[in-house]
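So you know, we letter chains A, B, ... as the sequences are listed, proteins then strands, and number each from 1. Computed from a predicted structure; not experimentally measured. Just the heavy atoms: all of them, side chains too, but no hydrogens, waters or symmetry mates, feed the values below.
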Amino acid sequence: MTAERWQSVVREIIHRGDDFGRPEIGKGEKLNVEFVSANPTGPMHVGHTRGAVYGDALAALMAFAGFDVTREYYVNDAGGQIDVLARSAYLRYRESLGHEIGPIPEGLYPGEYLVPVGAKLKELFGDQLGTKSEKEWLELVRPVVLEAMMALIRADLARLGIRHDVFFSEKSLHGPEGDIAQTLDWLRTKGLVYQGRLAPPKGGAPRDHEDREQTLFKASEFGDDTDRALVKSDGSYTYFAADIAYHRNKYLRGFLHQAIVLGADHGGYVKRLQAALKAVSGGAAEIDVKICQIVTLLRDGSPVKMSKRSGNIVTVADVVDEVGSDAVRFMLLYRRNDAPLEFDFAKVVAQTRDNPVFYVQYAHARCCSIFRTAGVEIPQLDLSNEALENADLGMLSSDADHELMRVLGTFPRVVDGAARYREPHRVAFYLYELAGALHSMWAKGNQDPGLRFINPGDVKLSTARLALVRGVRQVLVNGLAILGVFAPEELS
RNA sequence: GGCCCCGUAGCUCAGCUGGAUAGAGCAAUUGACUUCUAAUCAAUAGGUCGCAGGUUCGAAUCCUGCCGGGGUCGCCA
């Protein structure tokens, strides 16, 4: 009885192909997944990698589950750090004009990646910037260096196979008629903004607490721990004010479902974000804030020391160049997002069972190899989907057959759970299990020829077994697609 | 001090959305290559699920307290 169910699973896989296992939970509703959103002040470093990969896989998973997904990157191009960046680039500009700049002053970005930006500024402006006031040249330098940094970041994301649909500028929210102003007006009409004082935080050491009257948002009415400041003492908006406007903007664009991927250091930001969206959407929109815990890089068993001051940072590019995008992605996804993770270069490069990436990819390659061999050993075999769907699957009666079919049959449930709880790692673990079941049956075929996938003396059995292998391959393809990991036809 | 995350085999981690004897890989020991690619497989061994209570027919899982590790507590971004 269960055997019949399993057989129907194999048939269903072949029939539905890339759609097999698709959970029907999104119903075409719009979902915005915001991830990475690294500050555009330099290339991406490893710290960003986990959130980038997790966010991308989450987006793919939710798309597979039927959501209309938008991948979004919030560009923090409005803060004081952009001026610091522009000054740093200006220094490189002077350097490219032949001025002696000496060591990069404390507080500016020392990275070599700004050298080409200096040259670009020279190309664009000649020696004219030196004749202008700082206010003037900042205006000219900012957009140039910003674009250059975003180009670096896009290139880093591309290395990981990540592509965002929308790059949303924080700066575009500012201005007298901008979203922030409009949002604050709207909040005022709802009585959610007031002038008041905040009690100093208990314990700890508040660095900058000023007991003064200020413009506050009633975040505590929506579940936050305290009310939050909206305007700085110089009259400009706080980062949070912009963020409220940004999430309202997403809501007004029709995103009733939102997800955002943040690093562990932003854990304290969760409540206020949820409060903000609750307030601006009147409770109509929900945001799922996913926190990625830190990654410890290990080389030869000991942590890789990084120091920003000495410029000794490991970048995304470094890691991808060393181990490859597939290995990086799979290893980072082979762990719950909210658990800390050790990333050991030696293990990630190893092509053994120690490394689940190659184990799973090898399973896919093995499926392909079986089909190549089958075409040679039994030329009269019909390997079309139609023929395999109509194979006599009752021939698949060994324990190994049953185990493999059983694992195949659990794929839809695994994906459904992964999508519901936004946990792509479940798919990664599942693929590992499926790969194991295939490798195991393969090895049994070495002992017992009756368990081989290809039996030249028995076309009927071979057809059934190949239908099974086609099913395994299809599920590996569907799962790897969610993770964004390549499914190779052979390993070289 | 408040809030958040973590504590499961020597190591790295699943299981946490209550169900049956708690799982996998690595490391250790032992076997399988004239193969449908052994980049693989099979077997042995290894655990008071941080501690103590509570809820329940039943707890690694839910609740409370404590211990240990990490993060965070700005008008920064």
Checklist entry - Going by heavy atoms closer than 4.0 Å, what residues in residues 377-385 of chain A are next to RNA chain B? => result Glu377(A)
Item to check | Partner set under ring pair (Phe, Tyr, Trp, His ring centres under 6.0 Å) for His164(A), not counting sequence neighbours | outcome: Phe35(A), Tyr73(A), Phe167(A)
Next on the checklist: Heavy atoms within less than 4.0 Å of RNA chain B: which residues of residues 331-342 of chain A have one? Give them sorted by number.
Outcome noted: Arg335(A), Arg336(A), Asp338(A), Ala339(A), Pro340(A), Leu341(A), Glu342(A)
Next on the checklist: Per the salt bridge (charged side-chain N to carboxylate O under 4.0 Å, His left out) rule, what does the pair list look like for residues 453-473 of chain A, sequence neighbours excluded?
Outcome noted: Asp392(A)-Lys460(A), Asp401(A)-Arg465(A)
All N/O donor-acceptor pairs, side-chain side in residues 259-269 of chain A, below 3.5 Å, sequence neighbours left out:
| from | atom 1 | to | atom 2 | distance (Å) |
| --- | --- | --- | --- | --- |
| Tyr269(A) | OH | Asp243(A) | OD2 | 3.0 |

Checklist entry - In whole angstroms, how far is the P atom of C36(B) from the CZ atom of Phe453(A)? => result 13 Å
Checklist entry - Applying salt bridge (charged side-chain N to carboxylate O under 4.0 Å, His left out), which residue pairs with at least one partner in residues 421-437 of chain A are found, sequence neighbours left out? => result Asp288(A)-Arg422(A), Arg336(A)-Glu423(A), Arg406(A)-Glu433(A), Glu423(A)-Arg426(A)
Item to check | Listed partners of Glu377(A) passing salt bridge (charged side-chain N to carboxylate O under 4.0 Å, His left out), at least two apart | outcome: none
Item to check | With sequence neighbours excluded, residues passing ring pair (Phe, Tyr, Trp, His ring centres under 6.0 Å) with Tyr109(A) | outcome: none
Checklist entry - How does RNA chain B read in dot-bracket, base by base from 5' to 3', with Watson-Crick or G-U pairs under 3.5 Å and | used when the partner is on another strand? => result (((((((..((((.....[...)))).(((((.......))))).....(((((..]....))))))))))))....
Next on the checklist: Going by the rule ring pair (Phe, Tyr, Trp, His ring centres under 6.0 Å), which residues pair with Tyr246(A) if we only count those two or more places apart in sequence or in a different chain?
Outcome noted: Tyr74(A), Phe168(A)
Item to check | Residues that Arg420(A) engages under side chain to side chain contact (heavy atoms under 4.5 Å, CB included), provided they are two or more places apart | outcome: Ile25(A), Asp416(A)
Next on the checklist: Please enumerate all residues that pass ring pair (Phe, Tyr, Trp, His ring centres under 6.0 Å) together with Phe67(A), with sequence neighbours excluded.
Outcome noted: His257(A)
